[in-house]
Asker: 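Below is one structure. I have some questions about it.
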Amino acid sequence: MDNARKNVVIVGGGIIGLTSAFRLAIAHHDVTVFDQSPAKGATWAAAGMIAPSGEIAPGEEANYELEKRALPAWREVGRLVKDLTGDDIDIVETGTLLVGWDQSDRRQLEQFVEVAQSFNAPMTRVERNDTPEFFYGVSARINSGVLMAGDAWLDPDQVVRLLLSALEKLGVNIVHEHVNEIHSDENRVVVISDHREFHADLGLVATGASGLPDGGSSVTNSVRPVRGATVRVQGLDRSAQPALRAFVKGRAFYMVSRPGGYCVLGASADERSEAVLEVGELQRLLRDGLYVVPELETARVLETRIGLRPASPTLEPFFERLELKGWAWSSGHYRHGVTLAPLAALSALEFVEGS
Ligand SMILES: Cc1cc2nc3c(=O)[nH]c(=O)nc-3n(C[C@H](O)[C@H](O)[C@H](O)COP(=O)(O)OP(=O)(O)OC[C@H]3O[C@@H](n4cnc5c(N)ncnc54)[C@H](O)[C@@H]3O)c2cc1C
């Protein structure tokens, strides 16, 4: 197959599928996306942090190195989207402030610092006395923290809205159907969905934590769902300040504040595959939030969202050409799928133009 215009089918319209569709359509390929409910999977629950430094975790140096490339890649997607739609993707670079609630949480923060240092991540110790604005809304018990510069956030709802509008302008067809089976016929890939059989030159599976549809199998990769919830509240505007991350009684809490007082509080993490929010999980998340940011007491709860993060055994993302001819699988983005979507999209382009 040459580099000419290709017909590509994408199964799954979360942030990975939609960003890949955009990148392929911009490069003049004919793209069709199948998803019964686009962007209502993990993408819907995500807070939208692009936080390579704030998300540092032991053993995840490869993810850190990859994520450092995400912000420029998102800025490029933003420019391309603006050329088409006239609208900007707001990408806000505030950095991340990490704090610990009690003494053992502060020890956990010190362990985070050790790991971050071993990754050579830039960081600055900050004190409330010197920079009171960073601690706006934060409990008076917390007077110091670590600032990780360069981290940013965007609003996945806005990104999805703009991507869908750009895809429409580019003539990308979104079929609101679940794909039950994939296979290959001679030189074509085939999708069997609820109501049709669809043929294309190449196929990409981007189904997040759902894994491969029937007919597809992998020799190297697998995903498991890791459930997570965010709570959306209205009432505290920390949008000019760094996104907040806290260790609270051994758990993790974060708050991303958007202009106007809309805040995303997150996030729970359970090895569960049912996309339901349990009372205890919600209670723990809100309780941790109130410990760290007591001013949330009077914020109004707008909405809770739940999603299943696609985790690979190594916790690293993958882009795999399947043995099934003409098919590739892009998944395993775990806690970082919003961050990594433009890079996954470049892998999709390489796959299509190199096949
Ligand atoms: C609570 C929470 C907070 C998060 N916060 C962040 C964050 O701040 N920053 C960050 O970078 N990442 C974050 N993430 C991770 C991020 O949301 C995921 O890594 C990312 O959404 C994965 O994208 P995806 O497109 O692979 O999967 P999804 O968003 O789950 O999309 C998969 C899509 O495939 C569709 N699908 C599945 N099976 C089929 C089928 N057979 N046929 C057709 N369609 C199908 C689904 O309907 C869905 O729309 C968060 C996740 C959670 C749960």
Side-chain angles (χ1 to χ4, degrees), residues 6 8-35 37-52 63 66-85 87-91 152-175 202-210 223 307 309-310 316-320 328-354:
K6 307 248 171 70
V8 186
V9 61
I10 299 182
V11 182
I15 194 73
I16 301 299
L18 293 179
T19 315
S20 300
F22 175 69
R23 180 52 82 172
L24 293 174
I26 282 273
H28 307 295
H29 298 289
D30 289 319
V31 185
T32 301
V33 178
F34 277 76
D35 194 322
S37 43
K40 286 289 185 283
T43 302
W44 184 65
M49 287 176 292
I50 304 170
N63 279 339
L66 188 62
E67 284 173 44
K68 283 200 290 188
R69 293 168 41 208
L71 190 51
W74 263 118
R75 292 202 192 287
E76 197 207 345
V77 169
R79 279 192 293 277
L80 294 169
V81 165
K82 183 162 190 190
D83 287 347
L84 266 168
T85 65
D87 289 321
D88 278 312
I89 293 180
D90 300 316
I91 300 173
W153 57 261
L154 47 69
D155 178 354
D157 291 353
Q158 182 201 42
V159 171
V160 165
R161 206 167 48 244
L162 293 180
L163 279 177
L164 288 173
S165 151
L167 291 179
E168 196 182 342
K169 286 188 199 307
L170 290 164
V172 172
N173 187 20
I174 308 228
V175 181
L202 293 164
L204 177 67
V205 176
T207 50
S210 301
V223 284
R309 304 172 182 93
E316 287 170 23
F318 57 85
F319 191 96
E320 179 189 354
W329 185 20
S330 183
S331 190
H333 298 89
Y334 188 38
R335 299 172 315 185
H336 318 291
V338 174
T339 305
L340 295 173
L343 302 176
L346 289 175
S347 300
L349 185 63
E350 212 177 288
F351 162 67
V352 166
E353 304 213 323

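Side-chain atoms are counted along with the backbone in the values below, which use heavy atoms only and exclude waters and symmetry mates.
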Asker: Could you tell me which residues satisfy side chain to side chain contact (heavy atoms under 4.5 Å, CB included) with Pro310, sequence neighbours excluded, listed by chain and number?
Answerer: Ala209, Val223, Ser331
Asker: Going by side chain to side chain contact (heavy atoms under 4.5 Å, CB included), name the residues that satisfy it together with Arg75, two or more places apart in sequence or in a different chain.
Answerer: Leu71, Arg79, Ile91, Glu93
Asker: Look only at the side chain of His29 and the backbone of Lys6, and say whether a donor-acceptor pair between them is shorter than 3.5 Å.
Answerer: yes
Asker: Would you say that Arg23 contacts Glu76 through its side chain, given a criterion of any heavy-atom pair below 4.5 Å between the two side chains?
Answerer: yes
Asker: Let me confirm one number: the CG-CG distance from Leu162 to Leu80, rounded to the nearest 0.5 Å.
Answerer: 13.0 Å
Asker: Applying side chain to side chain contact (heavy atoms under 4.5 Å, CB included), can you list everything that pairs with Ala341, at least two apart in sequence or on another chain?
Answerer: Ile15, Ile16, Thr19, Trp74
Asker: For a 4.5 angstrom cut-off between non-hydrogen side-chain atoms, does Leu202 reach Val9?
Answerer: no
Asker: Do Phe22 and Leu18 come close enough that some side-chain heavy atom pair is under 4.5 Å?
Answerer: no
Asker: Under the salt bridge (charged side-chain N to carboxylate O under 4.0 Å, His left out) test, which residues partner Lys82, sequence neighbours left out?
Answerer: Asp88
Asker: To check you understand the geometry: which heavy-atom pair defines the closest contact between Pro156 and Ala46, and what is its length?
Answerer: CG-O, 3.6 Å
Asker: Give me the atom names and distance for the closest heavy-atom approach of Gly48 to Val338.
Answerer: CA-CG1, 4.1 Å
Asker: For residues 152-162, pull every pair meeting side chain to side chain donor-acceptor pair (under 3.5 Å), keeping only residues two or more places apart or in separate chains.
Answerer: Asp90-Gln158, Asp157-Arg305
Asker: Decide yes or no for Val160 and Trp44: does some side-chain heavy atom of the first lie under 4.5 Å from some side-chain heavy atom of the second?
Answerer: no
Asker: Shortest non-hydrogen contact from Glu67 to Thr339?
Answerer: CG-CG2, 3.9 Å
Asker: Applying side chain to side chain donor-acceptor pair (under 3.5 Å), name anything that partners Glu320, two or more places apart in sequence or on another chain.
Answerer: Ser218, Thr220, Asn221
Asker: Can you name the closest pair of heavy atoms from Gly78 and Ile89 and give their distance?
Answerer: CA-CD1, 4.0 Å
Asker: Do Val11 and Leu204 make a side-chain contact, defined as non-hydrogen atoms from C-beta onward lying under 4.5 Å apart?
Answerer: no
Asker: Can you list the residues that meet the salt bridge (charged side-chain N to carboxylate O under 4.0 Å, His left out) rule with Glu168, with sequence neighbours excluded?
Answerer: none
Asker: Less than 4.5 Å apart, any side-chain heavy atom of Val8 and any of Thr32?
Answerer: no
Asker: The criterion is side chain to side chain donor-acceptor pair (under 3.5 Å); which residues satisfy it with Lys68, sequence neighbours excluded?
Answerer: Glu65
Asker: Taking all non-hydrogen atoms of both residues into account, name the closest pair between Ser330 and Ala344 and its distance.
Answerer: OG-CB, 3.9 Å
Asker: Looking at residues at least two apart in the chain, or sitting in another chain, which of them share a salt bridge (charged side-chain N to carboxylate O under 4.0 Å, His left out) with Arg335?
Answerer: Glu55, Glu60
Asker: Please round to the nearest 0.5 Å and tell me the distance separating atom OG of Ser165 and atom CG of Leu84.
Answerer: 8.0 Å
Asker: With sequence neighbours excluded, what pairs up with Trp329 under the ring-ring contact (aromatic ring centres under 6.0 Å, His included) test?
Answerer: Phe318
Asker: Can you tell me how far NE2 of His333 sits from CZ of Phe319, rounded to the nearest 0.5 angstrom?
Answerer: 9.0 Å
Asker: Quick one, Leu24 and Val172 - any side-chain contact, counting heavy atoms below 4.5 Å?
Answerer: no
Asker: Okay, side chain of Asp35, backbone of Gly13: is any donor-acceptor separation there less than 3.5 Å?
Answerer: yes
Asker: Phe34: what forms a ring-ring contact (aromatic ring centres under 6.0 Å, His included) with it, not counting sequence neighbours?
Answerer: Phe198
Asker: Quick one: side chain to side chain contact (heavy atoms under 4.5 Å, CB included) partners of Ala21, sequence neighbours excluded?
Answerer: Ile10, Val31, Val33, Leu167
